[in-house]
Amino acid sequence: MASRREFIHQSSLAVVGTMLAPAFLKVFEKNLLQPDDKILVVIQLSGGNDGLNTVVPFRNDIYYSKRQNIAIAAGEALKISDELALNPAMEKFRRLYDEGWVSIVNSVGYPNPDRSHFRSMDIWHTASHANEYLNTGWLGRYLDAQCTDTCHAYRAIEIDDTLSLVLKGAKLKGLALQDPQKFYQAVHSPIYESIARFGKPADPTNEHIAYLYKTIAETSSSADYIYQKTKVSSSYAEYPNSQLARRLKTVAELIQSGVQTRVYYLSLSGFDTHVRQIPQQNRLLSEYSEAIYAFVQHLRTIGKHQQVAILTFSEFGRRVAQNASNGTDHGAANCVFLIGTQLKKSGIVNAAPDLSDLDDGDLKHRIDFRSIYANLVENWLQADPTAVLGRRFEPLSLL
Amino acid sequence: MPTHQHQLQHLYLRAGFGIAPQDLVAGLKMPLQEHVERLFAESQVISPLSLLKDNELKLIKILLAGQEGRSEMVAEALNRGRELNLLWLNRMATNTATLREKMTLFWHGHFATRTFNAFFAQLQNNLIREKALSKFGDLLLSVSKDAAMLQFLNNQQNRKGSPNENFARELMELFTLGRGNYTESDVKEAARAFTGWGFNQQGEFVFRRFFHDADEKIFMGKSGNWGGEDIIRMILEKRETAWFITQKIYRHFVNEKIDTEIISELAKHFYESEYDIAKLMKKMFTADWFYAPHNIGCRIKAPVEYITMFRRQFGMQFEPEHALLFLQKLLGQILFYPPNVAGWAEGQNWIDSSTLMIRTLMPFATWREIELPVEPKEEGDVNTAFLAQRGFRKLKATANWQPLLTLAGNGSERDMLEKLASYLLQTELSDANQRLILQNTPRHSREAAVQFISLALASLPEYQLC
């Protein structure tokens, strides 16, 4: 029996040359991002970020009485208004806030909130009602909507190895990649590259087979295109050492390269703080805040900051009262951040959450998250929000 | 016209998880009709999953455990969950009651439920397995009284005076009638009828009379002091239920593009047989149209099917088996973790740039013991975090090559390729792909050639279809 390595090495599959397809690249060159094309970066805080310890109601007695062990002391919080302050771990984020780069929207949610992670994230991804199940995400449907004659998966990129539902449309799905070089290496693994270059279906009219071959061809050419465009990596080095920071650096480099991507999607996980919340959440908020700050500085350095808006959300907030383990359990409405230079109203957009009017111990939502999506789709991505969201939501005027 | 071999493979791929290479030669000597009989005969055996003897998460135990004890209980429960997952996945790869397991998987997606309690998950899985080929009404009633379902769709909170509509709504929208065949008022009235349906710590159904709303309800235009059983009976009286279930089964087992004429006839039959699932399945598997060219090789394998078919065709054993959890996660289908109550979205929904890359690289990765160049996403939910553990990335597996060597024969490389392609692929192999494989086939030994050709075939887009 042959040794495993032996036959892989002997086969010419192992030595297929680098794929450089000049014709492909030429087509792509024509499709560079235009200076007035806007870019949306979405950061998902997975696990249910505790909004009340992120944007702290430091004058509210109910807050302190319900969170005896885990409330953020008024003296420690970073004040941004007479009522609200940021978590002390968000020093860098506060700097952006002071510069007028941040909109904070309070009490965002949806009717009949679901307290399960996966279901609530599903609802945020698909923009469905709580009792409705959709197979496409809102940014996937944006991909569908903007795809008229030429459709490219890389118009929406998730900086990750696997693709979330949010980027899956009916016609087109976004691209998942962790970093351009790794992605390039993966499509150039011998078997994948051989199929992409030389493979052909016997019956191209078989719809599924055609779809599979098309997916491979497109993944492969997109990986080459992105790798070629970003090979000269930027010298900007002011990023902290965290996964989110590395991923945001990748986004900044992709933006700098002129790759025609309108949507970038990233996640930061670990917010499910049922036990000993304070150190865990502070570490994550600090990672978030430092990474975002570096990213914005990077965008400024390359002169792209006016083209980019950053949305941050979590699938739900947490209960107002702490639990017995110095943590918090799954709740409902939560705060959402929008960061950018083109904000209609920077600062705190709407009233602080009302802790005296709760729904079974949870914050009530005052703003439907889909009215934020509607605004982003219409005024930033320049698509039809009713087509993308499946129904009309009165846009919240943020951008 | 498809060959007899492709038709035979088609039957086993759709009614089970594929025919093993060592069974193919003998199988070809038997007419399809006999194979159908055999599939049903072998599935008469009902062997439940028996990992857990009792509910390990009883309230009193949780209360007495204290802080640290509770963390341990959580960790233990997660372990049980993954053991149960692997137990079932291995069952699919090895068991002879293959049709029963396939039906169990189908109903598992139909009555999609998530529960943290592995004992409840096991109970539900076993009751679905037991009734997977019985009357649909029996299955439906059992699932409606099942602890995991009652818990998942909040019927434990459904009480007189404060009804919870979750179960009643999904019962009609997803489990039986489908949208458009009932009204909002039917949902409200049905919810009242199910008040008081709950479960105890053993996971047994309990009718809590005190919480039940025994007053009159008007359901589908009929008034009476209906209880849950009445609602289910009236739902089954509607022909729309037969249609809804039949078209779902057809789309899953035959072709996602529906043929209205065929489905109407099947649905009529299904209704008149009092929803006999076995009869419906047999009618499908023995119909000429089932073996028509356009119904062969037109289904994108769901990840669990993909993994299981690969294991059966290659006699593949994974070590450590946790890699199988990792694969489920990366490919987007984890047993016992459906995305929501609507179950898994099928067809092209399975395929994106990332999942197709994993499917393309997986066959050689198992062989070369290399790590897949991907990491699963953390979802932030402590309950599923174990699925993303990085240690699972390396796929180490041992194939049983002898049956494939026998199947490939002693002819030329082209000859072996043709034989292996006929076995592993349900659609034709293009000249370009033949050339691609033959050009790269190692020539120093027949074993190496067969191994390379088989794995290369399993890496192709065509292999994603069954």
Side-chain angles (χ1 to χ4, degrees), chain A residues 1-2 4-8 10-13 45-48 117-119 121-122 131 133 135 153 160-165 168 173-176 178 182 185-187 189 191-192 194-195 198-203 206 208-209 211-213 215-216 218-219 222 267 269-272 274-275 325, chain B residues 67 71 114 169 174 297-298 300 330 332 337 339-342 345 347-349 351-357 360-361 364 367-369 373-382 384 401 427-433 435-436 439-442 444-445 447-448 451-452 456 459-462 464-465:
Chain A
M1 194 143 303
R4 291 152 193 235
R5 233 172 247 113
E6 207 177 330
F7 78 66
I8 295 290
Q10 283 180 349
S11 76
S12 55
L13 278 182
L45 305 181
S46 307
H117 293 287
F118 68 93
R119 181 58 194 145
M121 193 57 92
D122 226 32
N131 61 3
Y133 307 96
N135 297 332
D160 210 317
D161 281 332
T162 54
L163 190 72
S164 298
L165 177 58
K168 295 182 185 174
K173 297 187 181 88
L175 211 58
Q178 178 85 251
K182 222 179 123 195
Q185 285 164 354
V187 305
S189 46
I191 188 74
Y192 195 89
S194 306
I195 294 169
F198 307 112
K200 274 196 186 63
D203 174 11
N206 179 318
H208 284 329
I209 296 225
Y211 174 74
L212 291 160
Y213 274 94
T215 302
I216 288 189
E218 229 189 67
T219 306
S222 296
S267 319
S269 180
F271 287 93
D272 197 14
H274 291 280
V275 182
S325 317
Chain B
Q67 179 93 22
S71 311
R114 277 196 189 198
R169 181 180 304 282
L174 299 170
C298 65
I300 295 184
L330 285 176
Y337 286 94
N340 54 53
V341 62
Q348 293 186 1
N349 290 298
I351 303 295
D352 57 53
S353 60
S354 160
T355 56
L356 186 53
M357 176 170 292
T360 308
L361 301 181
F364 277 108
W367 176 233
R368 295 170 66 193
E369 294 181 22
V374 284
E375 277 169 49
K377 211 189 302 291
E378 283 179 44
E379 276 157 2
D381 178 350
V382 290
T384 53
W401 290 108
T427 60
E428 218 183 311
L429 188 65
S430 69
D431 292 343
N433 288 356
R435 270 198 304 280
L436 179 62
Q439 274 165 10
N440 292 289
T441 301
H444 59 272
S445 79
E447 283 87 349
Q451 288 161 4
F452 178 86
S459 310
L460 288 175
E462 285 82 350
Q464 313 315 324
L465 298 171

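Letters A, B, ... mirror the listed sequences (proteins, then strands); counts begin at 1.
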Legend entry - Rounded distance (nearest 0.5 Å) linking atom CD1 of B/Ile351 with atom CG of A/Leu163: 12.0 Å
Legend entry - Region of B/Leu330 that comes under 4.5 Å of a non-hydrogen atom in chain A: both
Legend entry - Residue that, paired with A/Ser194, satisfies side-chain contact (heavy atoms from CB on, under 4.5 Å) out of B/Thr360, B/Asn433, B/Leu436: B/Leu436
Inset, instruction - Please name the pair of heavy atoms, one in B/Met357 and one in A/Thr219, separated by the smallest distance, quoted to 0.1 Å. - result: CE-CG2, 4.3 Å
Inset, instruction - Counting only heavy atoms closer than 4.5 Å, note whether A/Val187 contacts chain B via side chain, backbone, both or neither. - result: both
Legend entry - Side-chain touch A/Ile209/B/Thr427, heavy atoms, less than 4.5 angstrom: yes
Legend entry - Non-neighbouring partners of B/Gln464 that pass side chain to side chain donor-acceptor pair (under 3.5 Å), sequence neighbours left out: B/Arg359
Legend entry - Heavy-atom closest pair, residues A/Asp122 and B/Pro339: OD2-O, 4.4 Å
Inset, instruction - Please confirm whether the backbone N or O of A/Lys200 pairs with a side-chain atom of B/Ser430, one donor and one acceptor, at under 3.5 Å? - result: yes
Legend entry - When B/Ile300, B/Val341, B/Asp431, B/Leu429 are compared by non-hydrogen pairs under 4.5 Å with chain A, the top option: B/Ile300
Inset, instruction - Look up atom CE in A/Met121 and atom CG in B/Asn340, then write down how far apart they are to the nearest 0.5 Å. - result: 14.5 Å
Inset, instruction - With a 4.5 angstrom heavy-atom cut-off, could you sort out which part of A/Ala176 is near chain B: side chain, backbone, both or neither? - result: both
Legend entry - Contacting moiety of B/Thr355, where chain A heavy atoms sit under 4.5 Å: neither
Inset, instruction - Identify which part of B/Leu174 has an atom lying under 4.5 Å from any heavy atom of chain A, answering side chain, backbone, both or neither. - result: side chain
Legend entry - Value rounded to 0.5 Å, distance of CG in B/Leu460 from OH in A/Tyr213: 5.5 Å
Inset, instruction - Could you tell me the separation between the NE2 atom of A/His208 and the SG atom of B/Cys298, rounded to the nearest 0.5 Å? - result: 6.5 Å
Inset, instruction - Among B/Ala456, B/Ala342, B/Gly332, B/Ser354, single out the residue with the greatest number of heavy-atom pairs under 4.5 Å to chain A. - result: B/Ser354
Legend entry - chain B contacts, top residue of A/Thr215, A/Leu175, A/Thr162 (heavy-atom pairs, under 4.5 Å): A/Thr162
Inset, instruction - Tell me, please, which residues at least two apart from A/Asp203 pass side chain to side chain donor-acceptor pair (under 3.5 Å). - result: A/Thr205
Inset, instruction - May I ask you to test the B/Arg114-A/Phe118 pair for a side-chain heavy-atom distance under 4.5 Å? - result: yes
